[in-house]
Every structure is written in C-alpha cells, then in structure tokens.
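The chains referred to below are lettered A, B, ... by the order of the sequence lines, with proteins before strands, and numbering in each begins at 1. Heavy-atom basis, side chains included; hydrogens, waters and symmetry copies ignored.
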There are 2 protein chains.
Amino acid sequence: MLKLSTKGRYGVRAMFDLAQHVGEGPTSLKSIAERQGISEHYLEQLISGLRKSGLVKSVRGAQGGYILGREPGKIKIGDIIRVLEGPIAPVDCVSEEDPECCAKAEFCVTRTIWEKVRDSIADVLDSITLETMLEDANKLESERSLYMYYI
Amino acid sequence: MLKLSTKGRYGVRAMFDLAQHVGEGPTSLKSIAERQGISEHYLEQLISGLRKSGLVKSVRGAQGGYILGREPGKIKIGDIIRVLEGPIAPVDCVSEEDPECCAKAEFCVTRTIWEKVRDSIADVLDSITLETMLEDANKLESERSLYMYYI
DNA sequence: TCATATCTTATTAAAACAGTCGGGATTTGT
DNA sequence: ACAAATCCCGACTGTTTTAATAAGATATGA
C-alpha cells in the first residue's frame, strides 16, 4: 500500500526530537518517548539500529542518553528511513540495493514505472535534512505566534 | 516499507495485457493469468474491483472475458493503483481521501514531509497511462530488434 | 443442454507489524 | 561501595495483512 511503518515514522520523530536538543548533552530515551508519545521499549529497538548505523551516538550510564551522530544538516530523512525500513523499493526488482530482477527485466515496461516511483520518493526524502525540519518548525512557530497575536 | 503489494503490481500487468489486446473483443481471465504467470483465482478477486470501478467491463458466458472500460490513453496507472491499493497515503494523516489527522496536524513538521512524498508518488503514477506504456513497449521492442540485428 | 466464462463468498497458511517483557551491562552521584 | 539512572539485548506474543485456494452460483454462445 506504499505505506510507511511505525518504524520509519517514529524514527524520524525521534531524530527530530534529538535535533531540537542538539548541543544540550545526551537526551534520554525516556524523555524522547514521553514527548513523542511512543512506547519506550519499542523506541529502544528502533534507536538500536540508528546507533549501529552511526546516525546517533549513545552515552551509557546515569545522565546518559543519545546525541546525533553528525550535524542536523548532514542527516537526510532518507538516511533515517533506509536504516529503519530498508532500501527504498516500491517493488523488489527495483530495490536501491541488490534488486531481485526477473529474466524479462531488461525489457519490462512495468518495471520502468516502479523505477520512476522509487526515484521520486528518494528525491523527496534526500532533499530534506533535520536542519531543514528545524527551519520549517521555526517558520511554523512564528506564523503561529502572528496568528495568535491578531486574534 | 513503502512497498506495493501484489494487488497493485498484478493489476497493472493485467490492465496492460488488456491494453495490448484492445479492439480484439473480450480477453478471458484465464489467458491473462497464463501470459502474466498469475494465479487465475487470485486475479479474479483483483479484477472484480477493477470492474466495479468501471476501469474494465466484463462480458459473461462462453467466449466472454474483459475489455478496457475506456481508451488506454484515459486510464492512468494511478487510477488502477487507487482502486486496488486504496488512496495514496504513505501515512494515514496525509491520505488522499479522508485523512485521519491528529490534533497537531496543523503545525506538524513531519507531516509536511509525508505530504511531499504522497504528491511525488501521485504525480508519477498519474503521468503514465496505458497508452504511454504501449508506446514505451513499442520503443523497447524496436530497440531490441536493432540490438539483435547488430549482434 | 453443455462447455465456457464470469461472479461471489468463505477459508487459510505464512509473513509482517507493533509492540511487550525480562534481564544484563555501564556509568554517575552520594 | 552502593543505588539509581540509563543504555543494551534477545525472546515472546497478539493482531493484521498478504496472497492465495476452494467451492459453488450464474450467465451465455454454439
């Protein structure tokens, strides 16, 4: 159904949460889960993958938590989605990595459609970084203030 | 995982098959299933939805089968996908029809990302018709002949 | 009337999804 | 040294979706 699972959605929200607290030292999983309304144990599983891929770093022990693995401007939404949901591939024969082609792939008209879909999704997800999201959030926030002011 | 199910994939192939036999009278489900290597019974379920939505018309009885509901140029891949897989919606809160929004939707930064993904998918799927596919197939076929000739 | 088709409903095995649970390892403040 | 906070890891579970399969009813041309 071309649906994203909760893995991708929760993951992006958690990463955005970390971006909003960048420079404040490690953020605990518990606080992210509370702010985002996500099960803590479940989020733990997801962030485990993000840590292994280097998108976040962990600090163990009391007062520990997670910090972004690199600057918000260098973390694309596509990076997060690929870690949590696997390579972008509306159908397996056009997967970004090791596509399982059938014999007719070379001359398959249907296949070219899925390639276009894949590329258009990847383009969108790779054009947005956590930095972009922070900027957008600031814009929305100031618009909101204006709106509240004039009411 | 942003995956299309077999419904969408088989459906597009079946519709393309019908487009290739346009003007030849009704095509039986059995022959489509055989050419496309799809379970006949399963395809039956899928085409039922296509018929109800008017994308195909059925002719019952012996020598019966299915024909396209309108010209290949007026059937977009997006039409087929929407019938078989439902409205395009990478997440429910940005569904093409009756999105289930949460309270924060108005100021949700994550949401705008999924809207962009939805629109880019819809743009691709609505820019391709069965007619386009027929043209592409002809091009591929002539390229193939050339290739075979020079070997 | 009979072979050929489409239609309709029900059932099912396997996989994916979305968690839940229990315990371990590591660091910090006291 | 010890308790609290926190990350780390593997196993388990209920629900939903997927991808069929099966069986029979209905319609029609020859």
Given Watson-Crick and G-U pairs under 3.5 Å, DNA chain D in dot-bracket ([ ] crossing, | other strand) is ||||||||||||||||||||||||||||||
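Distances shown here put a side-chain N or O of A/Tyr10 below 4.0 Å from the OP1 or OP2 atom of C/dG19. Proximity of A/Thr6 to the phosphate of C/dC17: no side-chain N or O atom is located under 4.0 Å from OP1 or OP2. Considering only side-chain N and O atoms, B/Ser5 lies nowhere under 4.0 angstrom from the phosphate OP1 or OP2 of D/dT17.
Between A/Gln45 atom CD and D/dC12 atom C1' the separation is 11 Å, expressed in whole Å. Straight-line distance from the CD atom of A/Glu85 to the C1' atom of C/dA16: 12 Å, rounded to whole Å. In this structure, CG of B/Leu46 is placed 15 Å from P of C/dT8, rounded to the nearest angstrom. Spacing between atom CD of A/Glu34 and atom C1' of D/dT6 amounts to 14 Å, rounded to whole angstrom units. Between A/Ile38 atom CD1 and C/dA18 atom P there is a gap of 12 Å when expressed in whole angstrom units. Note: OH (A/Tyr42) to C1' (D/dC9) measures 17 Å, nearest angstrom. Rounding to whole angstrom units, CG of residue B/Leu84 and C1' of D/dT18 are separated by 14 Å. The separation between B/Asp92 atom CG and D/dT17 atom P is 10 Å, rounded to whole Å.
Expressed to the nearest 0.5 Å, how far CG of B/Asp98 lies from CD of B/Glu100 amounts to 7.5 Å.
One finds no salt bridge joining B/Lys74 and B/Asp79 here, because no Lys/Arg side-chain nitrogen approaches an Asp/Glu carboxylate oxygen to under 4.0 Å. For the pair A/Asp126 and A/Arg82, the salt-bridge criterion is met [side-chain N within less than 4.0 Å of a carboxylate O]. Electrostatic pairing of B/Glu115 and B/Arg111 counts as a salt bridge here, judged by a charged N lying under 4.0 Å from a carboxylate O.
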What pairs of nitrogen or oxygen atoms, one from the protein and one from nucleotides 4-7 of chain C, lie under 3.5 Å apart?
residue	atom	partner	partner atom	Å
C/dT4	O2	B/Ala62	N	3.2
C/dA5	O4'	B/Gly61	O	3.4
C/dT6	OP1	B/Leu29	N	2.7
C/dT6	O2	B/Arg60	NH2	3.3
C/dC7	OP1	B/Ser58	OG	2.2
C/dC7	OP2	B/Arg51	NE	3.3
C/dC7	OP2	B/Tyr66	OH	2.7
C/dC7	N4	B/Glu44	OE2	3.1

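Taking all atoms of both residues into account, the shortest heavy-atom contact from B/Ala14 to B/Leu43 is CB-CD1, 4.0 Å. For the pair B/Cys93 and B/Cys101, the tightest heavy-atom approach, listed with the atom from each and the gap, is O-SG, 4.0 Å.
Follow the hydrophobic side-chain contacts under 4.5 Å out from A/Met15 and you reach A/Val22 in the same cluster.
When side chains are defined from C-beta on, B/Ile77 counts as touching B/Met133, because their heavy atoms get closer than 4.5 Å. A/Leu130 has its side chain within reach of A/Ile80: a pair of non-hydrogen atoms, C-beta onward, lies under 4.5 Å apart.
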